[in-house]
Amino acid sequence: MGKLIIVACGAGINTSTIAEDCIRERLAKEGLGDVEVKRILMADIDKFVGRMNLIVSMMKIFRTFDVPIVQGMPFLIGTQQEKNALLDKIVGLIKA
Amino acid sequence: MLEFAPDLTVVGLVASDACAVIETLAGRLAARHCVSADYGAQTYARELEHPTGLPTRPYCIAFPHADAAGVTRSALAVAILSQPVTFQNMADPAEALPVEAVFLLANKRPEEQVSTLRRLAQLFGQPERLLALRAQSRPEAVTTWLKAELGLE
């Protein structure tokens with residue numbers, strides 16, 4: 001199976017849609033179209049333990065997982081530079 | 001397409017709290033038959049559970065919304081507040097933010113609004129654009145400015 005990036009937020013509607021779209025667009029440019037990006041409710045995250053490779057969270061997370069966690073808030077309120085830096089970080093982590 | 005119009009815009013809104021802002025904007029959306037009569041109550045209930053305040057610069061904003069169930073047509077309603085009102089931070093619900101502008105979104109299918117949502121996020125990330133928004137003094141001017149900014153119509 002290909003790699004999986006989980007985008008988690010409190011209610012799974014608008015904010016995670018923005019992050020998901022930014023990440024998909026960048027992955028396509030990097031030739032990483034086989035990486036799956038899935039937005040979920042934070043409350044459902046346990047269903048993906050063992051299957052996911054990276055978590056992008058729109059909220060603070062008060063627990064740890066066996067995969068890297070990236071704070072996704074810059075997708076919503078960051079400058080273009082901050083958004084690009086976050087995408088660089090995500091691409092780096094998913095390629096690792 | 002996301003509907004937006006001068007009657008969905010309130011400039012200099014005097015409101016005592018987040019609930020009053022949300023009810024005012026949801027009332028404007030309901031008057032245009034974009035949402036059900038209880039969309040404000042739904043949105044406020046969701047705001048308490050999943051807050052939408054954002055620590056943008058140079059002033060904080062909030063981005064309340066509810067589930068699609070009460071939405072007939074996707075639309076945006078915007079309030080520029082006369083005085084800051086407290087919303088909790090989306091990323092950290094324990095933190096209270098003094099919010100000066102509120103973007104109430106009624107979204108039937110978020111996937112279909114991705115480009116508008118991304119342009120909204122671009123606006124949120126640019127302090128000088130948020131200042132330009134707040135400098136608009138009339139609902140018609142806010143509408144024209146924001147439609148251009150978000151690529152609506």
Side-chain angles (χ1 to χ4, degrees), chain A residues 5-29 33 36-45 55-65 68-90, chain B residues 2 42-43 45-69 71 74 76 88-95 97 99 101 103-130:
Chain A
I5 299 175
I6 287 295
V7 181
C9 78
I13 314 177
N14 295 301
T15 54
S16 51
T17 305
I18 294 170
E20 178 194 34
D21 195 61
C22 291
I23 296 167
R24 283 223 176 107
E25 181 183 86
R26 176 64 183 270
L27 289 175
K29 277 183 192 157
E36 189 185 350
V37 185
K38 190 171 177 59
R39 67 189 150 96
I40 65 155
L41 304 180
M42 185 59 84
D44 290 336
I45 197 158
I55 300 166
V56 178
S57 173
M58 306 306 282
M59 313 156 66
K60 266 192 185 171
I61 295 189
F62 297 99
R63 52 184 281 202
T64 55
F65 293 87
I69 301 172
V70 172
Q71 293 299 329
M73 192 46 79
F75 284 128
L76 195 52
I77 63 170
T79 62
Q80 195 58 51
Q81 271 181 326
E82 288 165 340
K83 287 177 167 86
N84 289 339
L86 185 56
L87 287 168
D88 291 344
K89 185 174 175 184
I90 289 170
Chain B
L2 199 69
Q42 275 185 43
T43 303
R46 186 186 177 284
E47 185 69 29
L48 292 178
E49 202 179 341
H50 301 295
T52 65
L54 297 170
T56 45
R57 296 168 298 253
Y59 58 87
C60 298
I61 62 168
F63 181 43
H65 45 275
D67 292 331
V71 182
S74 294
L76 177 68
Q88 301 307 119
N89 187 342
M90 182 187 287
D92 182 2
E95 187 188 358
L97 298 176
V99 161
F103 298 74
L104 180 66
L105 196 61
N107 211 343
K108 212 166 153 59
R109 276 179 289 273
E111 309 76 36
E112 290 176 7
Q113 307 293 348
V114 169
S115 64
T116 306
L117 288 171
R118 283 188 63 173
R119 290 181 76 148
L120 208 48
Q122 275 168 16
L123 171 64
F124 294 170
Q126 294 181 82
E128 71 284 3
R129 307 307 290 159
L130 285 178

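A, B, ... follow the sequence lines: proteins, then strands. Residue 1 opens every chain.
Taking the side chain as every heavy atom from C-beta outward, B:Leu117 and B:Leu105 approach each other to under 4.5 Å.
Other residues, nucleotides and ligands contribute more than 12 heavy atoms inside 6.0 Å of the CD atom of B:Glu128.
Looking at every heavy atom in both residues, B:Arg109 comes nearest to B:Ser74 through N-OG, 4.3 Å. Contact between B:Pro64 and B:Phe103 at its shortest, heavy atoms only, is CD-O, 3.3 Å.
For the options B:Asn89, B:Val114, B:Leu123, heavy-atom pairs under 4.5 Å to chain A are most numerous at B:Val114. Between chain A and the options B:Arg57, B:Gln126, B:Met90, the largest number of non-hydrogen pairs under 4.5 Å is found for B:Met90.
Proximity to chain B (any heavy atom under 4.5 Å) is restricted, for A:Glu82, to the side chain, taken from C-beta onward. With a 4.5 Å cut-off on non-hydrogen atoms, B:Gln122 touches chain A through its backbone and its side chain both. With a 4.5 angstrom heavy-atom cutoff, B:Ile61 does not touch chain A via any of its atoms. Contacts of B:Ala94 with chain A are absent, with no heavy-atom separation under 4.5 Å from either backbone or side chain. Looking at B:Pro55, the atoms closer than 4.5 Å to chain A (heavy atoms on both sides) sit in the backbone and in the side chain alike. Residue A:Met58 touches chain B through its backbone alone, counting heavy-atom pairs closer than 4.5 Å.
The contact list for residues 20-29 of chain A toward chain B, using heavy atoms and a distance under 4.5 Å, reads A:Asp21, A:Cys22, A:Glu25 by residue number.
Under the 3.5 Å distance criterion, the side-chain polar atoms of A:Lys83 are matched with a main-chain donor or acceptor of B:Ala121.
In this view, A:Lys38 satisfies the side chain to side chain donor-acceptor pair (under 3.5 Å) rule with no residue, not counting sequence neighbours.
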